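Because the structure is predicted, anything quoted here is derived from the model rather than measured. Below, each value reflects all heavy atoms present in this structure, side chains not excepted, and no hydrogens, waters or symmetry copies.
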Amino acid sequence: TRRSSDLLKNVYSKKYPLSFGLFYSAFTDLIGLKPNEEEYIFMGMAGYGHYKKYFDKVKEKFLGVATVQNQLKDAIKAGAQAMAEATMGAGIGFGVVFGVILGTGVGGGIVIDGKIHNGRTNIAGEWGHHTLHQNGNPCYCGKTGCVETYISGPALEKRWLELTNKNETLPTIIQNSAHRNYQEWKKEFLDNFGASLANVIDILDPDVVVFGGGVSNVDFLYTEGRQSVYDNVFSDLVDTPILKNNLGDSAGVFGAALLV
């Protein structure tokens with residue numbers, strides 16, 4: 001633990017660079033997480049209350065910083081991934097970065113000039129729970145028609161099941177382009193993706209959008225998906241870069257460390 005603490009202090013003070021794997025190992029060793037617990041902390045926009053026991057571990061052990069609990073809470077709610085990509089990854093050089101998680105859920109974070117923007121009620125970037133379709137799909141949050149219920153990984157797989165009666169994973173679905181229902185499924189996906197992200201761009205007008213999460217590996221999001229977004233944005237001059245992440249699964253860990 002002492003070695004891990006020293007290692008992370010050196011990283012934070014930028015004394016020397018560190019590989020993703022070594023940083024990840026040091027961080028999780030330091031705070032005493034069991035296997036897979038670190039995944040729950042850094043996967044995205046989860047609520048603070050649900051993961052309070054993990055934050056308590058960090059507060060007690062991480063570099064002796066008493067305020068780390070609130071800082072990591074902000075990292076998760078505003079997007080540790082966004083912070084990492086803005087300062088170390090695909091968002092370098094852009095002033096306003098909208099970092100997106102598209103995976104089992106849909107979330108996001110906003111970084112402005114290198115600083116997380118949390119918003120008055122700490123929900124800035126939560127585009128997954130704005131209403132895409134009135135009276136649409138039910139969402140666990142209690143509302144209906146949320147973006148997350150249409151373009152998250154589980155939502156896309158559920159829709160495929162409804163259309164084909166096949167229970168398949170997203171990567172398998174993408175490989176089934178010859179299936180008679182594929183084009184219908186894909187068009188719905190692109191329409192929902194384009195409309196929902198265009199709403200964000202209309203309001204925030206970021207300098208770049210950076211995607212992470214499992215669904216971000218769908219290649220057509222950066223071609224046909226981007227065009228669908230542009231077709232729905234208010235401005236005829238829209239050219240907002242829509243980029244895949246550079247840091248992969250390590251982005252959340254790095255982002256959290258940057259916020260300490």
Side-chain angles (χ1 to χ4, degrees), residues 19-21 23-24 39 42-45 75-76 78-112 114 116 125-128 147-148 150-157 169-177 185-201 204-233 238-258:
S19 72
F20 295 115
F23 180 93
Y24 192 77
E39 176 182 357
F42 298 113
M43 275 303 288
M45 309 305 115
I76 287 183
Q81 180 261 356
M83 186 64 178
E85 290 293 340
T87 57
M88 304 170 65
I92 290 177
F94 294 96
V96 180
V97 178
F98 184 55
V100 169
I101 294 291
L102 265 184
T104 55
V106 176
I110 301 169
V111 177
I112 302 174
I116 281 284
E126 284 284 6
W127 73 302
V147 170
E148 185 169 300
Y150 290 92
I151 64 172
S152 67
L156 291 166
E157 292 167 356
T169 64
L170 185 59
T172 300
I173 296 169
I174 297 300
Q175 296 302 315
N176 282 342
S177 58
W185 174 88
K186 181 180 178 181
K187 184 179 185 304
E188 288 183 10
F189 181 12
L190 288 172
D191 288 347
N192 288 322
F193 175 80
S196 56
L197 188 55
N199 287 341
V200 175
I201 292 176
L204 182 62
D205 198 11
D207 295 311
V208 67
V209 178
V210 181
F211 277 88
V215 182
S216 72
N217 293 318
V218 176
D219 290 337
F220 65 68
L221 291 181
Y222 305 98
T223 53
E224 296 167 90
R226 180 181 58 200
Q227 189 57 53
S228 181
V229 173
Y230 289 0
D231 289 344
N232 283 278
V233 171
V238 61
D239 62 353
T240 309
I242 297 175
L243 307 177
K244 190 174 182 179
N245 67 84
N246 283 350
L247 302 180
D249 294 338
S250 298
V253 179
F254 274 88
L258 289 168

Look up atom [atom1] in [X] and atom [atom2] in [Y], then write down how far apart they are to the nearest 0.5 Å.
{"X": "K187", "Y": "E224", "atom1": "NZ", "atom2": "CD", "value": "12.0 Å"}
{"X": "K244", "Y": "N217", "atom1": "NZ", "atom2": "CG", "value": "4.0 Å"}
{"X": "L247", "Y": "T87", "atom1": "CG", "atom2": "OG1", "value": "8.0 Å"}
{"X": "N245", "Y": "M88", "atom1": "CG", "atom2": "CE", "value": "13.0 Å"}

Side-chain donor or acceptor of E148 paired with backbone N/O of G105 under 3.5 Å: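 No; zero donor-acceptor contacts below 3.5 Å.
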Y230 side chain to T240 backbone, donor-acceptor under 3.5 Å: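 Checked: pair present.
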Sequence-distant partners of N232, side chain to side chain contact (heavy atoms under 4.5 Å, CB included), two or more places apart: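 Here the qualifying residues are A195, A198, S228.
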Residues forming a side chain to side chain contact (heavy atoms under 4.5 Å, CB included) with Q175, sequence neighbours excluded: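 Testing Q175 for side chain to side chain contact (heavy atoms under 4.5 Å, CB included), a comparison that skips the adjacent residues, returns none.
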Flag side-chain contact, heavy atom, 4.5 Å: [X] against [Y]:
{"X": "I242", "Y": "L197", "value": "yes"}
{"X": "Q81", "Y": "V210", "value": "yes"}
{"X": "V215", "Y": "V106", "value": "no"}
{"X": "P206", "Y": "I201", "value": "yes"}

Side chain to side chain donor-acceptor pair (under 3.5 Å) against D207, all qualifying residues, sequence neighbours excluded: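 With neighbours one apart ignored, the set is empty.
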Test side chain to side chain donor-acceptor pair (under 3.5 Å) applied to N176 - qualifying residues, sequence neighbours left out: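 Checked N176 against side chain to side chain donor-acceptor pair (under 3.5 Å); matches are E168.
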Nearest atoms (heavy-atom pairs only) where G103 meets P154: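 So the minimum-distance heavy-atom pair works out to O-CD, 3.7 Å.
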Distance-minimising heavy-atom pair for T169 and E157: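 Answer, listing the atom of T169 first, then E157: CA-OE2, 3.5 Å.
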Expected list for residues 92-102: side-chain donor-acceptor pairs under 3.5 angstrom, two or more places apart:
none

Aromatic plane relationship, F211 with Y222 - under 30° parallel, 30 to 60° tilted, over 60° perpendicular: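 The rings of Y222 and F211 stand perpendicular, inter-plane angle above 60°.
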Partners meeting ring-ring contact (aromatic ring centres under 6.0 Å, His included) with F189 (sequence neighbours left out):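 Residues passing ring-ring contact (aromatic ring centres under 6.0 Å, His included) with F189: W185, F220.
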Check against side chain to side chain contact (heavy atoms under 4.5 Å, CB included), D219 and T223: CA-CA 7 Å; D219 290 337; T223 53; over 6 Å; no
Residue pair L204, I110: steps toward the side chain to side chain contact (heavy atoms under 4.5 Å, CB included) verdict: CA-CA 9 Å; L204 182 62; I110 301 169; 4.0 Å; yes
